[in-house]
Amino acid sequence: MTSLLNEYLSEMSKIAQRHGAYFDKFIGDAMMLYFGEPESLGVKEDAAACVRMAIDMQRALNDLQTGWRRKGLIDRAFQARIGINTGYCTIGNFGSNDRMDYTAIGREVNLAARLEAECDPGGILLAAETYSLVKDWLSVEEREPVQVKGFQNPIRTYAATAIYEAAARESRIIHEEDEGYTLTVDQDRITAEAIRRLKSVISDLGD
């Protein structure tokens with residue numbers, strides 16, 4: 001577990017750095033990242049960078065899962081949830097006289113954490129404020145408003161639905177999921193043995 005988490009967190013950190021995110025902290029097996037401080041490209045550009053980062057993270061984790069399954073390291077889905085929110089936060093050094101952390105606090109940070117908890121495994125859930133900044137190019141599905149701790153009114157949310165589409169066009173990836181199964185096939189990399197095993201599983205399901 002330690003090895004898998006370290007590999008996962010290392011890969012996610014590289015992606016975050018590539019998109020210009022500010023790394024705040026690790027929280028167990030989670031990461032807290034934000035955009036717009038200390039440098040900002042503008043609210044719309046920061047939101048777009050954050051969403052593109054999240055999409056790249058889910059794609060990369062999907063690739064990691066494929067490798068781990070081939071090595072026999074996992075026998076069940078290793079998935080992440082990503083919650084994204086946009087708003088004003090308080091950022092600075094917080095802590096004690098002995099230890100300070102430069103971090104972001106406030107309702108908007110709390111809402112991002114609540115959205116992560118509400119998100120589907122393997123998904124990306126956006127607050128309405130973020131969606132309004134990326135709606136020109138991001139495919140989403142509006143979900144039922146959610147009631148979360150610390151917020152009096154229900155929160156409108158949008159689930160990204162185009163996580164795998166661009167990757168499919170680039171490398172002929174087939175990605176399907178429904179209740180009881182998740183299937184991701186890279187047609188450029190799948191082996192004859194893997195195809196044989198898939199046919200065997202389909203045959204067993206038909207019996």
Side-chain angles (χ1 to χ4, degrees), residues 9 11-27 30-63 79-94 101-170 173 175:
L9 292 171
E11 184 63 25
M12 298 303 106
S13 297
K14 291 176 185 177
I15 294 171
Q17 186 176 28
R18 190 162 66 240
H19 285 273
Y22 182 87
F23 173 80
D24 189 289
K25 61 172 72 72
F26 290 119
I27 308 170
M31 299 175 67
M32 177 177 168
L33 306 159
Y34 58 81
F35 290 77
E37 172 65 28
E39 296 181 355
S40 174
L41 299 175
V43 177
K44 192 169 185 176
E45 291 77 7
D46 289 339
C50 184
V51 172
R52 291 191 175 104
M53 175 194 72
I55 292 172
D56 282 354
M57 285 179 166
Q58 292 292 17
R59 291 175 181 167
L61 179 53
N62 186 68
D63 289 341
Q79 296 177 300
R81 299 178 175 92
I82 301 178
I84 303 176
N85 183 37
T86 300
Y88 289 101
C89 307
T90 300
I91 298 177
N93 290 309
F94 299 93
D101 286 324
Y102 186 79
T103 188
I105 63 172
R107 282 171 51 86
E108 307 302 339
V109 177
N110 295 340
L111 180 54
R114 303 287 187 267
L115 293 180
E116 183 271 334
E118 295 289 336
C119 184
D120 296 330
I124 301 168
L125 194 63
L126 284 66
E129 289 76 8
T130 303
Y131 173 61
S132 69
L133 297 168
V134 299
K135 63 183 180 181
D136 293 341
W137 57 270
L138 183 69
S139 297
V140 301
E141 174 185 290
E142 184 170 7
R143 296 293 177 86
E144 290 295 322
V146 295
Q147 189 71 56
V148 297
K149 180 180 178 182
F151 292 81
Q152 183 176 358
N153 298 320
I155 305 297
R156 293 180 65 188
T157 62
Y158 299 82
T161 58
I163 298 174
Y164 297 98
E165 278 79 349
R169 289 193 296 270
E170 294 163 7
I173 290 177
H175 181 81

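The basis for the numbers below is simple: all heavy atoms, side chains too, and nothing from hydrogens, waters or symmetry mates. Remember, it's a predicted structure, so these values are computed and weren't measured experimentally.
Nearest heavy atoms, I91 versus A104: CG1-CB, 3.7 Å. Closest heavy-atom contact between F35 and A21: CZ-CB, 3.4 Å. Residues A60 and E11 come closest through the heavy atom pair CB-CG, 4.2 Å. Minimum interatomic distance between R81 and P121 (heavy atoms only, all atoms of both residues): NH2-CG, 3.6 Å. When all heavy atoms of A16 and M57 are compared, the closest pair comes out as CB-CE, 4.0 Å.
Interatomic distance, CZ of R114 versus CD of Q147, reported as 12.0 Å (0.5 Å rounding). One distance of note links CG of D56 with CZ of R18; it measures 6.0 Å at 0.5 Å rounding. In this structure, L33 CG and S13 OG are separated by 7.5 Å, a value rounded to the nearest 0.5 Å. Going from atom NZ of K44 over to atom CG of L133 covers 7.5 Å, rounded to the nearest 0.5 Å. Here CD1 of I82 is found 8.0 Å from CE of M12. Values are rounded to the nearest 0.5 Å. In this structure, the separation between CZ on R52 and CD1 on I15 is 15.0 Å, given to the nearest 0.5 Å.
E118 has its side chain within reach of L125: a pair of non-hydrogen atoms, C-beta onward, lies under 4.5 Å apart. Taking 4.5 Å as the limit, every side-chain heavy atom of Q17 sits out of range of all side-chain heavy atoms of F23. Annotation: side chain of I84 is in contact with side chain of V51 (closest heavy-atom distance under 4.5 Å). Between Y158 and E141 the shortest side-chain heavy-atom distance does not fall below 4.5 Å. Contact of the E142 side chain with the Y131 side chain is not registered, since no non-hydrogen atoms from C-beta on lie closer than 4.5 Å.
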Criterion side chain to side chain contact (heavy atoms under 4.5 Å, CB included) on V109 and M32, from CA distance to verdict = CA-CA 9 Å; V109 177; M32 177 177 168; 3.5 Å; yes
Show the numbers, then the answer: is there a side chain to side chain contact (heavy atoms under 4.5 Å, CB included) between C119 and E116?
-> CA-CA 5 Å; C119 184; E116 183 271 334; 5.6 Å; no
Start with the C-alpha gap between L126 and T157, add the side-chain angles, then the distance that decides, and say whether side chain to side chain contact (heavy atoms under 4.5 Å, CB included) holds.
-> CA-CA 6 Å; L126 284 66; T157 62; over 6 Å; no
Full working for side chain to side chain contact (heavy atoms under 4.5 Å, CB included) between I155 and L111 | CA-CA 9 Å; I155 305 297; L111 180 54; 4.0 Å; yes
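In this structure, K25 places its NZ atom where more than 12 heavy-atom neighbours from other residues, nucleotides or ligands lie under 6.0 Å away.
Listed for the N85 side chain is no donor-acceptor partner under 3.5 Å among the backbone atoms of A127. The backbone N or O of E129 lies less than 3.5 Å from a partner atom in the side chain of S132, making a donor-acceptor pair. Remark: side-chain polar atoms of Q58 are paired, donor with acceptor, to backbone N or O of A80 under 3.5 angstrom. Of the possible donor and acceptor atoms, none in the side chain of D46 sits under 3.5 Å from a partner among the backbone N and O of S40. A distance-only check finds a donor-acceptor pair linking the side chain of T161 to the backbone of S139 [under 3.5 Å]. The backbone N or O of G150 sits less than 3.5 Å from a side-chain atom of R107, completing a donor-acceptor pair.
By the ring-ring contact (aromatic ring centres under 6.0 Å, His included) test, Y22 is found to be paired with Y34, Y102, residues two or more places apart in sequence or in another chain being considered. In this structure D120 satisfies the side chain to side chain donor-acceptor pair (under 3.5 Å) test together with R143, sequence neighbours excluded.
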